[in-house]
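The figures that follow rest on heavy atoms only: side chains count, while hydrogens, waters and symmetry mates do not.
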Amino acid sequence: MRPMSPLVTEGLERHFTVHRGDLVEDKERFLDEVAPKIRGMAVSHVHVNDALLDRLPKLEIVANFGVGYDTIDAAACGRRGVIVTNTPDVLTDEVADLAVGLLLATVRQIPQVDRYLRQGKWLEKPYPLTGTLRGRKVGILGLGRIGRAIAHRLVAFGLPIAYHGRTRQADVPYEYFPSLLEMAKACDVLMVVAPGGPETKNIVGREVLEALGSQGVLVNVARGTLVDEEALAAALADGTIQSAGLDVFAEEPKVPDALIAQEHAVLLPHVGSASHHTRNAMGQLVVDNLTSWFQGNGPVTPVAETPWKA
């Protein structure tokens, strides 16, 4: 229904009859014509809900390009016996690398320093001193695959790690906080890596930002909806927190002007997994999930709401 990489489209066309909704202008007419015979979907940032599922009576599987699948009502799919898959693991290291890079760029103001040099200001005087990672404690919201990979990297920086999630994880040495607010009070960096969706919408709001404090740094590489962007812009403007590094936004590709106006924020256009290597691996996993399913071998990477027994 939206453009996908040639690796996905060409890979699927080798195995299936593929109907390209991304190539038509009238998507409603397109769906009227092809929906009754569609058995599988390859999607990227497409809302799959009851209204769409009602039009797809033969649908068996939805293969999502990305580890996050908050645009897909997986519970509704489950009730209809429709399999949902995503692309975990293959992007874990890439996103974790980017998250650490974004943290460094934010704390040490790397983009701002680069602009300072290019504008010839170094000829006038040295750049002002920046913040540091030294003496900071990092709180991770969501210690899943990516959260763990980020923690592993930051331990190498000599930083103490804490985490908040629905449950304590017995196999990690990090400090657990059952309350996000209490973790924010105890940390200097809040790293957001939790899933999106209604349950986590605006979970990082004014109260959490105030708890993080005037030296606090927020980094979000998960979903923009987890952060109250209006509250964040205000917190940056009035010094409630020190800075923020964001790779995701609530209404992409739209970024609030109030955030763009904050010179001490580092903003990226959702590029966490955007390398040739990783996007190809993600695309191949979309193809693999669909081919495996229709070969009778089941899904390769079903999501949690899709319990599957081979």
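D288 and Q284 share a donor-acceptor pair across their side chains, judged by distance under 3.5 Å alone. Y174 and Q169 are not linked by any side-chain donor-acceptor pair at a separation below 3.5 angstrom, with hydrogens and angles left out of the test. Remark: the T301 side chain and the N289 side chain contain an N/O donor-acceptor pair separated by less than 3.5 Å. Between R279 and S5, the side chains place no donor N or O within less than 3.5 Å of an acceptor N or O (distance only, hydrogens not considered). Judged by distance alone, the side chains of R206 and T240 do bring a donor and an acceptor atom under 3.5 Å apart.
In this structure, H152 places its NE2 atom where only 12 or fewer heavy-atom neighbours from other residues, nucleotides or ligands lie under 6.0 Å away. Open room surrounds CD on E251; 12 or fewer heavy atoms of other groups in view lie less than 6.0 Å from it.
Side chain of N49 to main chain of L52: a donor-acceptor pair is present (N/O by atom type, distance under 3.5 Å, no hydrogens or angles). Checking side-chain atoms of H264 against main-chain N and O of L236 turns up a donor-acceptor pair under 3.5 Å. Looking at E229, its side chain never comes within 3.5 Å of a backbone N or O of F249 through a donor-acceptor pair.
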- [ ] Take K121 and E124 through the salt bridge (Lys or Arg N to Asp or Glu O under 4.0 Å) test and state the conclusion after the steps.
- [x] CA-CA 5 Å; K121 294 182 179 180; E124 303 169 9; over 6 Å; no
- [ ] Starting from the C-alpha separation in whole Å, work towards a yes-or-no answer on salt bridge (Lys or Arg N to Asp or Glu O under 4.0 Å) for R145 and D89.
- [x] CA-CA 7 Å; R145 293 178 178 91; D89 297 322; 2.7 Å; yes
- [ ] Might you work through the salt bridge (Lys or Arg N to Asp or Glu O under 4.0 Å) test for R223 and E252, ending with a clear yes or no?
- [x] CA-CA 10 Å; R223 284 289 185 266; E252 297 175 359; over 6 Å; no
Open item on the list: Is there a salt bridge (Lys or Arg N to Asp or Glu O under 4.0 Å) between D93 and R153? Walk through the geometry before answering.
Closed with: CA-CA 10 Å; D93 286 331; R153 285 156 172 76; 3.1 Å; yes
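You'll find the side chain of I72 stays beyond 4.5 Å of the side chain of M41, heavy atoms only. The closest side-chain heavy-atom distance from V48 to L53 is below 4.5 Å.
Aromatic ring centres of Y163 and Y176: separated by under 6.0 Å.
For the pair D50 and R80, the salt-bridge criterion is met [side-chain N within less than 4.0 Å of a carboxylate O].
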